[in-house]
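Throughout, a chain's letter reflects where its sequence line sits, starting with A, and its residues are numbered from 1.
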There are 2 protein chains.
Amino acid sequence: MTIAEVSQKYDISADTLRYYERIGLIPPVPRTKSGIRDYNEESCGWIVLMKCMRKAGVQIEALIEYVALFQQGDSTLDARKALLMEQRDQLLARMADMQASLNRLNDKIEQYEQGLLLAEQKLRRKSE
Amino acid sequence: MTIAEVSQKYDISADTLRYYERIGLIPPVPRTKSGIRDYNEESCGWIVLMKCMRKAGVQIEALIEYVALFQQGDSTLDARKALLMEQRDQLLARMADMQASLNRLNDKIEQYEQGLLLAEQKLRRKSE
DNA sequence: ACTTGACTTAGAGTGTACTCCAAATGGTAT
DNA sequence: ATACCATTTGGAGTACACTCTAAGTCAAGT
């Protein structure tokens with residue numbers, strides 16, 4: 001697959017795909033003889049993984065390290081697992097922050113609902 | 001309260017507190033005659049709110065707009081509620097992305113656990 | 001052969017959210 | 001009075017993650 005096809009398929013700009021490869025967020029993508037990227041299934045797998053992680057706010061630096069470890073082979077299996085577990089913990093912490101924020105938002109929205117209700121009642125009383 | 005006290009109490013740098021006020025993320029803080037900030041309960045309330053929202057990734061721009069609406073008085077009650085509801089929706093969407101990422105991380109970690117187990121078994125077999 | 005359009009690279013530019021700095025001022029301790 | 005330390009402002013600098021630009025290359029169509 002060309003970069004344009006991958007870009008469309010996964011809704012990621014070609015610039016971002018090149019950037020991800022350049023910084024090592026995904027392993028090098030296979031090329032044609034003339035140097036044009038020819039994404040295969042493995043490349044696409046990395047892209048899907050990284051899109052998912054980035055959408056969730058996982059830092060690029062940690063992901064780069066994961067890819068680097070992966071490329072170093074089986075000796076890094078436990079380091080990779082440790083990295084994933086750390087990212088999971090951070091993710092859980094961020095989700096807890098978001099839940100706290102969500103609760104506050106819900107409380108506030110409810111207050112506004114009651115406030116608006118009171119304002120409506122005032123208007124009705126006036127017109128009666 | 002001075003800016004140093006507020007900074008310590010809420011674990012936000014004095015620079016950030018000034019920055020938040022400058023851009024309108026919190027309403028103007030009361031001052032002493034000599035122009036030094038003297039945070040009161042209301043100021044602290046805004047700080048707590050904004051710390052919570054920012055930790056959860058709510059965009060500064062939306063929060064600035066909320067404060068601006070708030071300062072315009074009761075005529076903006078429904079606009080404020082609409083803004084909060086939009087932010088809640090965005091928050092829920094991001095939490096869903098994070099849950100997807102969390103699921104993938106958990107799957108991968110489990111794979112590594114099984115992989116490591118297999119590696120251990122291989123080692124044991126060799127040494128037997 | 002020549003145009004066209006997608007692709008390549010290196011490097012510069014952008015947006016968001018801080019974070020730091022310099023110069024000036026104010027209140028407090030000696 | 002003088003030293004000292006926190007505070008003030010405006011503006012510059014930083015970190016992260018893209019995003020865009022310029023200049024060049026390549027394969028396909030006419």
Side-chain angles (χ1 to χ4, degrees), chain A residues 1-26 28-40 43-44 46-47 49-68 87 90-91 94 97-98 101, chain B residues 1-26 28-40 43-44 46-47 49-68 87 90-91 94 97-98 101:
Chain A
M1 293 178 87
T2 67
I3 199 167
E5 287 162 349
V6 173
S7 169
Q8 171 147 40
K9 183 169 181 184
Y10 300 112
D11 196 31
I12 302 175
S13 79
D15 274 320
T16 299
L17 289 170
R18 288 192 204 98
Y19 167 69
Y20 280 180
E21 186 179 353
R22 178 152 46 109
I23 63 174
L25 188 72
I26 57 171
V29 173
R31 307 293 183 111
T32 63
K33 324 98 225 152
S34 56
I36 290 176
R37 288 176 182 79
D38 185 19
Y39 292 83
N40 59 19
S43 308
C44 290
W46 281 106
I47 289 163
L49 174 66
M50 293 309 172
K51 184 184 176 179
C52 176
M53 294 298 140
R54 288 296 304 128
K55 258 181 105 175
V58 177
Q59 297 292 291
I60 278 190
E61 203 180 333
L63 298 170
I64 288 173
E65 200 188 331
Y66 180 77
V67 173
Q87 293 309 312
Q90 290 185 19
L91 199 54
R94 285 204 305 280
D97 288 340
M98 293 174 87
S101 182
Chain B
M1 291 180 89
T2 66
I3 199 165
E5 288 162 350
V6 173
S7 169
Q8 173 148 37
K9 182 168 182 187
Y10 298 112
D11 195 32
I12 302 176
S13 79
D15 272 321
T16 299
L17 289 170
R18 289 192 204 97
Y19 167 70
Y20 280 179
E21 186 180 351
R22 177 151 46 107
I23 64 172
L25 188 72
I26 58 171
V29 173
R31 306 294 182 111
T32 65
K33 325 97 222 148
S34 56
I36 289 176
R37 288 176 183 78
D38 184 20
Y39 292 83
N40 59 17
S43 307
C44 290
W46 282 106
I47 288 163
L49 174 66
M50 293 310 173
K51 184 184 175 179
C52 175
M53 292 299 139
R54 289 296 304 128
K55 255 181 109 175
V58 178
Q59 298 291 289
I60 279 191
E61 202 180 332
L63 297 170
I64 288 173
E65 200 189 330
Y66 180 77
V67 174
Q87 293 309 312
Q90 289 185 20
L91 199 54
R94 286 204 305 279
D97 287 341
M98 293 174 86
S101 182

- Message: How long is the straight-line distance from OG1 of A:Thr2 back to CD of A:Gln8, given to the nearest 0.5 Å?
- Response: 9.5 Å
- Task: Tell me, please, which residues at least two apart from B:Gln90 pass side-chain hydrogen bond (donor to acceptor under 3.5 Å, both in side chains).
- Result: B:Glu86
Protein N or O to nucleotides 1-5 of chain C N or O, pairs below 3.5 Å:
none

- When rounded to the nearest 0.5 Å, the distance separating CD1 of A:Ile23 from CD1 of A:Ile64 is 4.0 Å
- Query: Quick one: are B:Gln87 and B:Tyr66 in side-chain contact, heavy atoms under 4.5 Å?
  - Reply: no
- Message: Over the length of the helix from C:dA1-D:dT30 to C:dT30-D:dA1, how much do the five-pair end axes diverge, rounded to 10 degrees?
- Response: 20°
- How long is the line joining CZ of B:Arg18 and C1' of C:dC20, in whole Å? 11 Å
- For B:Arg37, all residues meeting salt bridge (Lys or Arg N to Asp or Glu O under 4.0 Å), sequence neighbours excluded: B:Glu21
- Query: How long is the line joining CE of A:Met1 and C1' of C:dA6, in whole Å?
  - Reply: 15 Å
- Message: Which residues pass the side-chain hydrogen bond (donor to acceptor under 3.5 Å, both in side chains) test with A:Asp11, not counting sequence neighbours?
- Response: none
- Item | Nearest-Å distance for atom pair CZ/P, residues B:Arg31 and C:dG26 | 14 Å
- Task: Examine distances only and state if a side-chain atom of B:Lys51 and a backbone atom of B:Tyr10 form a donor-acceptor pair shorter than 3.5 Å.
- Result: yes
Close N or O pairs between protein and nucleotides 15-19 of chain C (under 3.5 Å):
unit_1: C:dA17; atom_1: OP1; unit_2: B:Gln59; atom_2: OE1; d: 3.4
unit_1: C:dA17; atom_1: OP1; unit_2: B:Ile60; atom_2: N; d: 3.3
unit_1: C:dC18; atom_1: OP2; unit_2: B:Tyr20; atom_2: OH; d: 3.0
unit_1: C:dC18; atom_1: OP2; unit_2: B:Arg54; atom_2: NE; d: 2.7
unit_1: C:dC18; atom_1: OP2; unit_2: B:Arg54; atom_2: NH2; d: 3.2

- Message: For B:Ser13, give me all partners under side-chain hydrogen bond (donor to acceptor under 3.5 Å, both in side chains), at least two apart in sequence or on another chain.
- Response: B:Thr16
- In chain order, what residues pass the side-chain hydrogen bond (donor to acceptor under 3.5 Å, both in side chains) check against A:Ser7, with sequence neighbours excluded? none
- Message: Donor-acceptor pair, distance only, cut-off 3.5 Å: does the side chain of B:Arg94 make one with the backbone of B:Ala56?
- Response: yes
- Message: Under 4.0 Å from a heavy atom of chain A: give me the 5'-most and 3'-most nucleotides of DNA chain D that qualify.
- Response: D:dC16 to D:dA27
- Using atom CG of B:Leu17 as one end and atom P of C:dC20 as the other, report the distance to the nearest whole Å. 14 Å
- Near B:Glu61 CD, under 6.0 Å, is it more than 12 heavy atoms from other residues, nucleotides or ligands? no
- Taking salt bridge (Lys or Arg N to Asp or Glu O under 4.0 Å) as the test, write out the residues that go with B:Asp38, two or more places apart. none
- Query: Excluding sequence neighbours, so at least two apart, what forms salt bridge (Lys or Arg N to Asp or Glu O under 4.0 Å) with A:Arg18?
  - Reply: A:Asp15
- Query: Rounded to the nearest 0.5 Å, how far does CD1 of B:Ile60 lie from CE of B:Met53?
  - Reply: 13.5 Å
- Message: Tell me whether the side-chain N/O atoms of A:Arg37 come closer than 4.0 Å to OP1 or OP2 in C:dT8.
- Response: yes
- Query: Do you know which two heavy atoms are closest between B:Ile26 and B:Val67, and how far apart they sit?
  - Reply: C-CG1, 4.2 Å
- Item | Residues in contact with DNA chain C, drawn from residues 3-12 of chain B - heavy-atom cutoff 4.0 Å | none
